[in-house]
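A quick write-up on the structure given underneath.
Because the structure is predicted, anything quoted here is derived from the model rather than measured.
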Amino acid sequence: MSRRRLVTLVSAFVLLGLGLLAFLAVVSVTKTEYGREQIRRIVETGLKGRIVGSLYVGEIRGGFFTDIVIDSIEIRGADDSLFVATGPISIDYDPRDILDKRILLSRVVVERPVVHITQFANGDWNWKQVFPRGTPRPKTPERNFGDFIVARNVTVRDRGFPLGLPW
């Protein structure tokens with residue numbers, strides 16, 4: 001066997017081994033309590049910057065490669081008033097879509113969501129205070145992550161929608 005062939009084979013096996021180790025590390029982290037807690041913290045931290053108020057994301061379960069179950073989500077305004085609260089949320093998806101910078105949810109089940117919409121005496125709405133408008137991003141010819149979001153087969157059970165208006 002020539003030296004060139006030997007180097008090529010050894011390199012291929014080393015790269016294959018490193019890829020397998022990386023894959024096993026990701027799988028083992030997402031299957032442990034510690035790994036799931038780290039993913040929950042990353043999601044919560046990423047969303048907190050877009051919300052004026054507080055956000056709580058409950059325990060995350062599931063396979064992470066095709067499905068996720070979030071125990072609960074709660075969003076409160078700056079004055080600690082409840083805006084959104086949910087029970088368990090089950091989501092099925094295809095991870096290949098995430099690699100294509102899109103979110104395609106094939107099945108979503110939301111249990112016991114409650115959304116409090118309130119209009120204040122000055123005419124302002126609470127959702128505008130919780131989710132303030134940021135600076136508009138310039139349009140680019142390439143698609144950004146999240147520009148394409150589709151949810152199919154969405155089921156909402158035991159919903160609540162209190163509306164508060166000034167009198």
Side-chain angles (χ1 to χ4, degrees), residues 1-78 83-115 127 130-157:
M1 181 181 305
S2 71
R3 182 174 171 92
R4 181 178 287 170
R5 177 175 263 177
L6 180 65
V7 168
T8 303
L9 285 174
V10 169
S11 298
F13 282 120
V14 167
L15 288 175
L16 183 64
L18 289 174
L20 183 61
L21 283 174
F23 177 75
L24 290 175
V26 168
V27 169
S28 66
V29 165
T30 59
K31 297 291 184 185
T32 64
E33 189 73 29
Y34 174 77
R36 290 179 180 165
E37 177 63 21
Q38 295 306 314
I39 291 171
R40 186 192 71 77
R41 285 186 185 177
I42 290 169
V43 167
E44 196 172 60
T45 304
L47 293 176
K48 274 186 181 179
R50 302 180 192 280
I51 296 173
V52 174
S54 63
L55 169 71
Y56 170 78
V57 177
E59 179 185 355
I60 298 177
R61 302 182 307 271
F64 285 96
F65 289 109
T66 58
D67 65 314
I68 286 180
V69 177
I70 301 171
D71 182 56
S72 61
I73 293 178
E74 183 178 283
I75 300 174
R76 291 187 171 271
F83 177 61
V84 172
T86 71
I89 300 172
S90 303
I91 302 169
D92 291 347
Y93 61 94
D94 188 347
R96 295 176 294 183
D97 294 323
I98 295 171
L99 296 175
D100 289 338
K101 295 182 179 181
R102 60 185 178 187
I103 300 173
L104 179 59
L105 308 174
S106 57
R107 185 182 67 86
V108 178
V109 178
V110 182
E111 303 279 342
R112 301 180 307 279
V114 176
V115 180
W127 61 270
V130 173
F131 300 109
R133 280 196 157 195
T135 57
R137 292 184 293 169
K139 291 285 184 183
T140 58
E142 66 183 44
R143 186 170 63 200
N144 294 319
F145 184 76
D147 285 348
F148 180 79
I149 301 174
V150 174
R152 295 184 181 145
N153 300 323
V154 177
T155 304
V156 178
R157 296 187 181 129

Qualifying residues under side-chain contact (heavy atoms from CB on, under 4.5 Å), relative to [X], sequence neighbours excluded:
X: Pro113; value: Thr86, Val110, Val156, Arg159
X: Val115; value: Val84, Ile117, Phe161
X: Arg96; value: Asp94
X: Phe23; value: Val27

If I compare all heavy atoms of Val130 with all of Gly77, which pair ends up nearest, and what's the gap? CG2-CA, 3.9 Å

Here the pair of heavy atoms bringing Tyr93 nearest to Leu104 is CB-O, 3.8 Å

Side-chain donor-acceptor pairs under 3.5 Å in residues 51-73, sequence neighbours left out?
unit_1: Asp67; atom_1: OD1; unit_2: Gly63; atom_2: N; d: 3.3

Name all residues meeting the ring pair (Phe, Tyr, Trp, His ring centres under 6.0 Å) criterion together with Phe131; count only those two or more places apart in sequence or in a different chain, and write none if there are none.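 For Phe131, the residues satisfying ring pair (Phe, Tyr, Trp, His ring centres under 6.0 Å) (neighbours in sequence not counted) are Phe83.
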
All side chain to side chain donor-acceptor pair (under 3.5 Å) counterparts of Glu111, not counting sequence neighbours: Arg157

The criterion is side chain to side chain donor-acceptor pair (under 3.5 Å); which residues satisfy it with Arg36, sequence neighbours excluded?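 So Arg36 forms no side chain to side chain donor-acceptor pair (under 3.5 Å) with any residue.
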
Please collect all salt bridge (Lys or Arg N to Asp or Glu O under 4.0 Å) contacts where either partner lies in residues 39-48, sequence neighbours excluded, each pair once.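 For residues 39-48, and leaving out neighbouring residues, the salt bridge (Lys or Arg N to Asp or Glu O under 4.0 Å) pairs sorted by first residue read Glu37-Arg40, Glu37-Arg41, Arg40-Glu44.
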
Residues that Arg4 engages under salt bridge (Lys or Arg N to Asp or Glu O under 4.0 Å), provided they are two or more places apart: none

Can you sort out the partners of Arg107 under salt bridge (Lys or Arg N to Asp or Glu O under 4.0 Å), two or more places apart, ordered by chain and number? Asp92

